[in-house]
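The block underneath contains the structure these notes are about, expressed in structure tokens.
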Amino acid sequence: EPRSNPAPNNSVGAAVAIDDSNTVYAWTSQQVLVSHDGALTWSVLRSGPFAGPIVPDPTDAKVLWSVGGDAVSRSTDDGSTWQAVNAAKMTASRLVIDRHSPATLVALGTEESLSGPIPTIWISRDGAATWKASGPTLGPSDVYWDVAVDGVNDVIYVSAGHSAAGPPIGYLARSSDGGATWTKLAGVPLLRDLAVDPLSPMTVFGVPEGNALFGKSTDNGATWTWSSSQIGGIIATNPAIQGYYLLGVGNTGSVLLSTDGGSSWTTSFGTQEATQPFASTIAFAPSDASVVYVAVENGIFRSVTGGE
């Protein structure tokens, strides 16, 4: 069902607060907005080019995290005030917090050096009090593409590689010791999107760059099965249904639903719902897994049936 557009002249993303399926955050390049009525009405929470994506804390509804303006920021009062919590020489563009280990934060970013920014995986084990620069060794043209965290088994996955010239070239690396050491996993192509099953964290999903495939591993990324798919990226796992219930963005921008762990897909949200249907974000409400929000280029839509 369509909801109101928080920023008619801007593309938006969406995240859902931990304890209330009606609390939604949306962001543009200049603003963060909040709705407390299921995305029907909106108010500005934060303005400026630093606004960035919002990551609700998985255990404390008053705590919000933001990645924008190359900084990681935290609010402990529902977004009224913010404090930068990144390390010196640290920039970040993406932040992941696992609900099983909420004090562990993993950010994709760079570390400033005399020779220029160095692609870096930043890891905090104490709620952003301190950060450690980490990451597997990169090739000359490689960058980090995506990161996923298994907080139950203390495993971090990162996809890396490049696709600027010629076919995509990359790999998947895994750390089982909090980022101290990394192992490259054989036979895995460059993955543009990663996701860990929240109820079965040894299960990892991936979408390869430039291929109409969907990948699934049930042994912490050691071995993979690949199936033909129209998934183009962004995988969302339902936090209440183990291993099988997935939503993903198709190559045409529609949202596809799988109820068998990615073996088959049906259209959940297509062009009939929006003039510009390309979905930029999918977010399940942690407090009610039947509620899912989809952000598209011209607004936000909601399902109260888990996307079916």
Side-chain angles (χ1 to χ4, degrees), residues 55 57-59 65 67 72 85-87 90 92-111 118-139 142-162 169-209 213-226 235-239 242-244 246 261-262:
V55 181
D57 190 274
T59 58
W65 302 84
V67 182
V72 177
V85 292
N86 48 301
M90 172 186 176
S93 59
R94 172 160 160 69
L95 180 68
V96 176
I97 308 173
D98 186 88
R99 67 187 179 116
H100 297 291
S101 181
T104 298
L105 286 70
V106 181
L108 290 182
T110 64
E111 181 177 18
I118 301 172
T120 301
I121 304 296
W122 290 97
I123 301 172
S124 175
R125 311 280 286 181
D126 51 17
T130 60
W131 293 87
K132 175 185 176 182
S134 182
T137 303
L138 293 173
D142 291 346
V143 296
Y144 297 123
W145 281 59
D146 201 8
V147 63
V149 178
D150 165 9
V152 173
N153 300 301
D154 199 21
V155 176
I156 303 171
Y157 302 91
V158 60
S159 60
H162 63 272
I169 298 175
Y171 58 88
L172 180 67
R174 178 184 66 203
S175 175
S176 301
D177 52 15
T181 61
W182 294 85
T183 301
K184 292 184 179 179
L185 305 175
V188 184
L190 176 58
L191 299 177
R192 62 177 301 174
D193 285 283
L194 285 167
V196 171
D197 189 321
L199 296 182
S200 180
M202 291 185 66
T203 299
V204 189
F205 304 102
V207 178
E209 172 69 8
L213 295 174
F214 180 81
K216 178 180 179 180
S217 170
T218 58
D219 54 9
N220 286 127
T223 60
W224 290 74
T225 57
W226 304 93
I235 314 160
T237 55
N238 190 303
Q242 181 172 334
Y244 293 95
L246 307 167

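No hydrogens, no waters, no symmetry mates; every other heavy atom, side chains included, goes into these values.
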If you take all heavy atoms of [X] and [Y], which pair is closest and at what distance?
| X | Y | result |
| --- | --- | --- |
| V55 | L95 | CG2-O, 3.9 Å |
| S175 | G178 | OG-N, 3.8 Å |
| W65 | G127 | CH2-O, 3.5 Å |
| G262 | F214 | CA-CE2, 3.7 Å |
| T110 | W122 | O-NE1, 3.0 Å |
| P136 | A173 | CG-CB, 3.6 Å |

Do [X] and [Y] have side chains that get closer than 4.5 Å, going by heavy atoms?
| X | Y | value |
| --- | --- | --- |
| W224 | L191 | yes |
| D98 | T104 | no |
| V72 | M90 | yes |
| L108 | I121 | yes |
| R99 | P198 | yes |

Between atom [atom1] of [X] and atom [atom2] of [Y], what is the distance when rounded to the nearest 0.5 Å?
| X | Y | atom1 | atom2 | result |
| --- | --- | --- | --- | --- |
| H162 | I169 | NE2 | CD1 | 4.0 Å |
| I97 | D57 | CD1 | CG | 5.5 Å |
| L185 | S217 | CG | OG | 8.0 Å |

Listing, residues 145-155 side-chain donor-acceptor contacts under 3.5 Å, not counting sequence neighbours, or none:
unit_1: W145; atom_1: NE1; unit_2: G161; atom_2: O; d: 3.1
unit_1: D146; atom_1: OD1; unit_2: R94; atom_2: NE; d: 2.7
unit_1: D146; atom_1: OD1; unit_2: R94; atom_2: NH2; d: 3.1
unit_1: D146; atom_1: OD2; unit_2: L194; atom_2: N; d: 2.8
unit_1: D150; atom_1: OD1; unit_2: V152; atom_2: N; d: 3.1
unit_1: D150; atom_1: OD1; unit_2: N153; atom_2: N; d: 3.1
unit_1: D150; atom_1: OD2; unit_2: N153; atom_2: ND2; d: 2.8
unit_1: D154; atom_1: OD1; unit_2: R125; atom_2: NH1; d: 2.7
unit_1: D154; atom_1: OD1; unit_2: R125; atom_2: NH2; d: 3.3
unit_1: D154; atom_1: OD2; unit_2: R125; atom_2: NH2; d: 3.0

Look at the side chain of S93 and the backbone N and O of G109, then say whether any donor-acceptor pair between them is shorter than 3.5 Å.
no
I'd like to know if the side chain of S124 and the backbone of T130 have a donor-acceptor N/O pair within less than 3.5 Å.
yes
Do W131 and N86 have side-chain atoms, one donor and one acceptor, less than 3.5 Å apart?
no
With sequence neighbours excluded, tell me which residues meet ring-ring contact (aromatic ring centres under 6.0 Å, His included) with Y157.
none
Kindly state each residue pair satisfying side-chain hydrogen bond (donor to acceptor under 3.5 Å, both in side chains) with at least one member in residues 180-189, sequence neighbours excluded.
S134-W182, D177-T181
